[in-house]
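Index from 1, following the sequence. Bear in mind the structure is a predicted one, so any value in this text is a computation, not a measurement.
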Amino acid sequence: FTNMSLTEGKRGQQLLADPLLNLAEAFTTEERSQHGIRGLVPPRVQSLNVQAQRYLAIFQAETDPMKKFMFLSELFEVNVNLFYKLVTENFPEIAPYIYTPHVGQYCLKLHEVWRPKQALFYSLEDRAHIDEITSNWPRPEVDIVVVTDGGRILGLGDQGCNGIGIPIGKLALYVAGAGSDPRKVLPVQIDAGTNNVALRSHPLYMGLNRPRLQGEEYFQFVADVVSSIHRRWPKALIQFEDFGTDNAFELLRRWQNQMLCFNDDIQGTGAVTLACLMNAARSRGWRDLSQERVVIVGAGSAGLGISDAVCSAMVKQCGMTLEEARSHFYLLDINGLLGTGRSDLTVDQRRYQRTDMRAGMNLAEVVAAVHPSTMIGVTGTANLFTEEILREVCAHCEKPLIMPMSNPTSKAECTLEQALERCHGKCIFASGSPFKDATKDGHTLVGNQCNNMYIFPALGLAACACHATKVTDNMLYAAGMALSAQVTDEQVQRGQLFPSLANMRDISARIVVAVVRQAVEDGVAAMPEGCTNDEQLMQWARSKMWVPDTHH
């Protein structure tokens, strides 16, 4: 559906200045007279299709990734319909310039290239005015909120107030990927300070020049913000994004049973990786995940989220106990293996502490001892998967799954070309940021992108459209399984683990159906009226997807 062509009573320059309403040269002759914009735009009426051709040509002619990113950002700020028409019709080409990998470089430089954004900023200095800030958001309805404190931006660490680029990019994918209404999304930055001394002391940095607030005072500040947002929009989905690991898990524990919310770094990453491992198992001829031996380097929110999601799947599918499922995992952090004798682990890391292996073993030692079938990197450390380590993995597994998941591309634990060469074409490959397929010595390695954008846009649309009261673990499991099911056996045998991003709305619709069915089964939503089968649910899901203006 789309009602974006409505002018909301605005006229003339005020109408053209509203990015949600502006159609630029697509306004008809009659509309130009009716709304006081005759002469304020060039005389020839040009459809959004024609305008999109012009902007796509400009985008494709630019070779600098940062300039491409800024070009799209500036278009978004003046013409939302045109922006989303361009993105939805060219999703695989443009998505990397909305989010990973290029949003990372944008966040690093945001204080130098800042343009005013439609977002809410809550800082420690505003603690007495939180409800006032919430009430200042001009649009009465909000369905999806993405909130960050900038504590752990991709693999780039603490970026403080520069982190606002992440919620803006994520929400663009909610709209483009699954059809959330762009009038009803809200990016939020919580400024609790930053421990990035170089950034906060920079004269152009726009956030508070102070260290991060910590402890219970920090959690109370976040609670004040989240509660204020929830009071104004009680049915909105709140996504926690790029918080530091300890804070991320604690916030999820405190809020996941209190309101409609989830953490994409933990739960979204887990769901999309589950889909990846399911299809890797199919490519090996495995019936389930029971033969997996998974080494994960990086025991933060992503690594633990992946472990929890896959362990839960093993319990559901393989008849394992939770303890048995966890025994298939070997997690390392900066101090090596989470093994016996480690006393420095968080409560969440202790779930995966091994009692049969010594603490502190490095990656090469663990790989040699374990012979993993899957190796996942979520460290933000480039080139961590060395030639020695990759060759050792391949020596003991016929089709190992190599997953350098860190974003942006510059932080990936290895490149696709390195995996292809070092594994002699034997491995399956999936990464967080995009890599192109490559061929060497007759072996082609498919550059699967195991990115959360497959999951969170559909999860968000489903949860909001069916008025779910919470996001359950089963809903995320259903999303991951619905994603994996959209890859054919033939594609899996070629090493393709995910459906093509060119069909993003179709992918999302199928995931929406699965998530809504699971929400109903879990008792957190009612079946949409008139939906008694999957075909009707699919039609309902598509009817809930916003599309760019179709009348101009």
Side-chain angles (χ1 to χ4, degrees), residues 155 269-270 272-281 283-284 286 289-300 302-311 313-314 325-334 336-339 352 354 357 360-407 409 411-433 435 445-451 495 497-498:
T269 304
V272 74
T273 307
L274 170 62
C276 187
L277 265 68
M278 289 299 302
N279 286 340
S283 77
R284 300 168 180 138
W286 296 354
L289 300 173
S290 59
Q291 299 180 63
E292 278 284 8
R293 298 179 307 280
V294 185
V295 168
I296 301 180
V297 197
L304 292 167
I306 290 168
S307 303
D308 288 346
V310 179
C311 276
M314 287 177 167
R326 287 174 178 164
S327 72
H328 290 249
F329 287 78
Y330 305 80
L331 272 65
L332 298 87
D333 65 5
I334 194 171
L337 182 70
L338 309 189
Y352 295 95
R354 302 198 63 92
M357 298 175 71
M361 292 174 67
N362 64 34
L363 178 57
E365 292 171 329
V366 171
V367 165
V370 169
H371 303 159
S373 54
T374 295
M375 185 167 66
I376 301 173
V378 281
T379 63
T381 304
N383 302 314
L384 185 66
F385 294 172
T386 64
E387 180 173 358
E388 174 192 5
I389 288 170
L390 287 171
R391 290 194 186 281
E392 179 67 19
V393 171
C394 293
H396 302 281
C397 182
E398 184 176 348
K399 272 191 177 180
L401 174 58
I402 306 300
M403 299 184 66
M405 292 279 283
S406 293
N407 294 311
T409 310
K411 299 291 184 178
E413 286 77 12
C414 71
T415 66
L416 181 143
E417 291 78 8
Q418 289 170 337
L420 176 62
E421 181 177 350
R422 294 167 183 176
C423 297
H424 301 296
K426 284 183 57 177
C427 70
I428 319 166
F429 183 89
S431 56
S433 287
F435 286 94
L445 192 57
V446 178
N448 297 287
Q449 187 179 9
C450 183
N451 193 287
L497 304 180
F498 294 97

Answer whether the closest heavy-atom distance between the side chains of [X] and [Y] falls below 4.5 Å.
X	Y	result
Phe498	Cys450	yes
Thr381	Ser406	no
Phe329	Val295	no
Val446	Ile428	no
Thr379	Lys411	no
Thr269	Met405	yes
Ile376	Val294	yes
Leu304	Leu331	yes

Handout entry: Residue of the set Glu292, His328, Arg293 for which side-chain hydrogen bond (donor to acceptor under 3.5 Å, both in side chains) holds with Ser373
Key = Glu292
Quick one: [atom1] on [X] to [atom2] on [Y], what's the gap to the nearest 0.5 Å?
X	Y	atom1	atom2	answer
Ile306	Thr374	CD1	OG1	10.5 Å
Leu497	Asn279	CG	CG	6.0 Å
Leu416	Cys427	CG	SG	7.5 Å
Leu337	Tyr330	CG	OH	9.5 Å
Ile402	Leu420	CD1	CG	12.0 Å
Met375	Leu390	CE	CG	4.5 Å

Handout entry: Test side-chain contact (heavy atoms from CB on, under 4.5 Å) applied to Asn451 and Val272, step by step
Key = CA-CA 7 Å; Asn451 193 287; Val272 74; 5.9 Å; no
Has [X] got a side-chain atom pairing as donor or acceptor with [Y]'s backbone, closer than 3.5 angstrom?
X	Y	result
Glu413	Ala382	no
Arg284	Lys399	yes
Asp333	Gly298	no
Tyr352	Ser307	yes
Glu421	Gln418	no

If I compare all heavy atoms of [X] with all of [Y], which pair ends up nearest, and what's the gap?
X	Y	answer
Leu274	Ala313	CD1-CB, 3.5 Å
Val310	Leu289	CG1-CD1, 4.0 Å
Cys394	Lys426	O-NZ, 2.6 Å
Val393	Pro400	CG1-CB, 3.5 Å

Problem - Glu388, CD atom: more than 12 neighbouring heavy atoms under 6.0 Å - result: no
Exercise for the section: Before giving the answer on side-chain contact (heavy atoms from CB on, under 4.5 Å), spell out for Val297 and Val378 the whole-Å C-alpha distance, their side-chain angles and the decisive distance to 0.1 Å. Expected result: CA-CA 6 Å; Val297 197; Val378 281; over 6 Å; no
Practice task
Please work out which of the three classes, parallel, tilted or perpendicular, describes the rings of Phe429 and Phe435, given edges at 30° and 60°.
Solution key: perpendicular
Handout entry: Derivation and outcome, side-chain contact (heavy atoms from CB on, under 4.5 Å), residues Val370 and Met357
Key = CA-CA 10 Å; Val370 169; Met357 298 175 71; 4.0 Å; yes
Problem - side-chain hydrogen bond (donor to acceptor under 3.5 Å, both in side chains) partners of Arg391, counting only residues at least two apart - result: Glu387, His424
Exercise for the section: Could you walk me through whether Asn448 and Cys276 pass the side-chain contact (heavy atoms from CB on, under 4.5 Å) test, one step at a time? Expected result: CA-CA 9 Å; Asn448 297 287; Cys276 187; 5.9 Å; no
